2 protein chains.
Amino acid sequence: MVDKKTKNWAGCPVRFGMSQFGDKWSFLIIRDLMFKGRKYYNEFLEAGEGISTNILANRLADLEHNGIISKHQDRIKRSKYIYRLTEKGIALMPMMLAMIDWAEKFDQQTEVPPEFIQKLRQNPDKLQQELLRQLEHN
Amino acid sequence: MVDKKTKNWAGCPVRFGMSQFGDKWSFLIIRDLMFKGRKYYNEFLEAGEGISTNILANRLADLEHNGIISKHQDRIKRSKYIYRLTEKGIALMPMMLAMIDWAEKFDQQTEVPPEFIQKLRQNPDKLQQELLRQLEHN
DNA sequence: AATTTAACTTGTTTTTTGCAAGTTAAATTA
DNA sequence: TAATTTAACTTGCAAAAAACAAGTTAAATT
């Protein structure tokens, strides 16, 4: 039973989440990394959401500082940097999937591929395994 | 299989989510409604997070406008208003629980009651049923 | 050697937030 | 019943953050 009397979750998990990745742009960067295969600064920039260069740089730095993403020099083109989700970042997948599930239910306009949403509802673990495998290929 | 080639989820569910409840204060209000039994304007104000009165009023109005919460006059004291999660708001519970699970893993300071987190990991459906029942009692 | 690419940084304007004080309507108290 | 208190806001202003435009730097390409 959940105890409403224990006044506060002193270190509140929701507040913690918000402090680590809790703004629009951070969420969208995590989405890009998790589901869209984007990994370079300019791929995020050109994702079409309209983020400004300074804000992008700032959010990438924050996310890296919070251990949600990591930054590596590209081996082939050393002027490029590859951003990746860390284990901590990858662990946000259930939350992201829950959000996608929710949005698909309540937003007419949301266009998640039907087979994605079907898999999400019928066999979420399997979908997650597939997504994780894709992340490792990056 | 997730198709990375279908360039965009034209109506992106993550962007939709962010537009509906995607800022720190909205999240904290939803948390208060979902887990803490708070339902009056001044309970949110005094929750200790330090939200300003104008921002609280604004976020409540936005959440109501987005259909995530509803506002009713208190029957006993008609100068008070009761805020409640709608079905759409209640449906955010899996996302919130995923967030709590995540935070508990990665934040030393997070203090979720152990029996809550244990239940969340061992029998999430049952926990959710219990939480839903509590919401209906409000 | 000159240009282009990629990832930023800097300066300025605009928007949003935070803070303090004020308003309104209902309920309680004197 | 008049005066005070409670509850939920609104308003005005200062401070912080975001958006916009332009500039910098280092590496790679021409």
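Bear in mind the structure is a predicted one, so any value in this text is a computation, not a measurement. Below, read A as the first sequence line, B as the second, and so on, with proteins coming before strands; counting in each chain starts at 1.
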- Query: For B:Ile76 and C:dA26, what is the distance between atoms CD1 and P respectively, to the nearest whole Å?
  - Reply: 17 Å
- Taking for each residue the nucleotide of DNA chain D bearing the nearest heavy atom, is the 5' side occupied by A:Arg78 or by A:Asn58? A:Asn58
- Query: If only side-chain N and O atoms of B:Lys77 are considered, is one of them under 4.0 Å from the OP1 or OP2 phosphate oxygen of D:dA7?
  - Reply: yes
- Message: Check the phosphate of D:dT10 against B:Tyr41, side-chain N and O only, distance under 4.0 Å to OP1 or OP2. Yes or no?
- Response: no
- Starting at atom CG of B:Asp74, determine the distance to atom C1' of C:dA25, rounded to an integer number of angstrom. 15 Å
- Query: When you check the phosphate oxygens OP1 and OP2 of C:dA6, does a side-chain N or O of A:Lys39 lie under 4.0 Å from one of them?
  - Reply: no
- A:Ile29 CD1 to C:dC8 P, in whole Å, measures 11 Å
- Message: With a 4.0 Å limit, can you tell me whether A:Trp25 has a side-chain N or O closer than that to the phosphate oxygens OP1/OP2 of D:dA19?
- Response: yes
- From CG of B:Leu56 across to C1' of C:dG18 the rounded distance in Å is 13 Å
- Result for salt bridge (charged side-chain N to carboxylate O under 4.0 Å, His left out) between B:Asp32 and one of B:Arg38, B:Lys39, B:Arg84, B:Arg59 points to B:Arg38
- Query: Under 4.0 Å between a side-chain N or O of B:Tyr81 and OP1 or OP2 of D:dT6?
  - Reply: no
- Look at all strands and tell whether A:Phe44 reaches a base, only sugar-phosphate, or nothing, counting heavy atoms closer than 4.0 Å. nothing
- Message: Please confirm whether the shortest side-chain N or O distance from B:Asn42 to OP1 or OP2 of D:dA8 is below 4.0 Å.
- Response: yes
- Give the minimum heavy-atom separation between B:Glu49 and B:Trp25, together with the two atoms involved. O-CH2, 3.5 Å
- Item | Closest contact, heavy atoms only, B:Leu45 versus B:Ser52 | CD2-C, 4.4 Å
- Task: Mind telling me whether A:Phe27 and B:Phe27 have parallel, tilted or perpendicular rings, with 30° and 60° as the class edges?
- Result: parallel
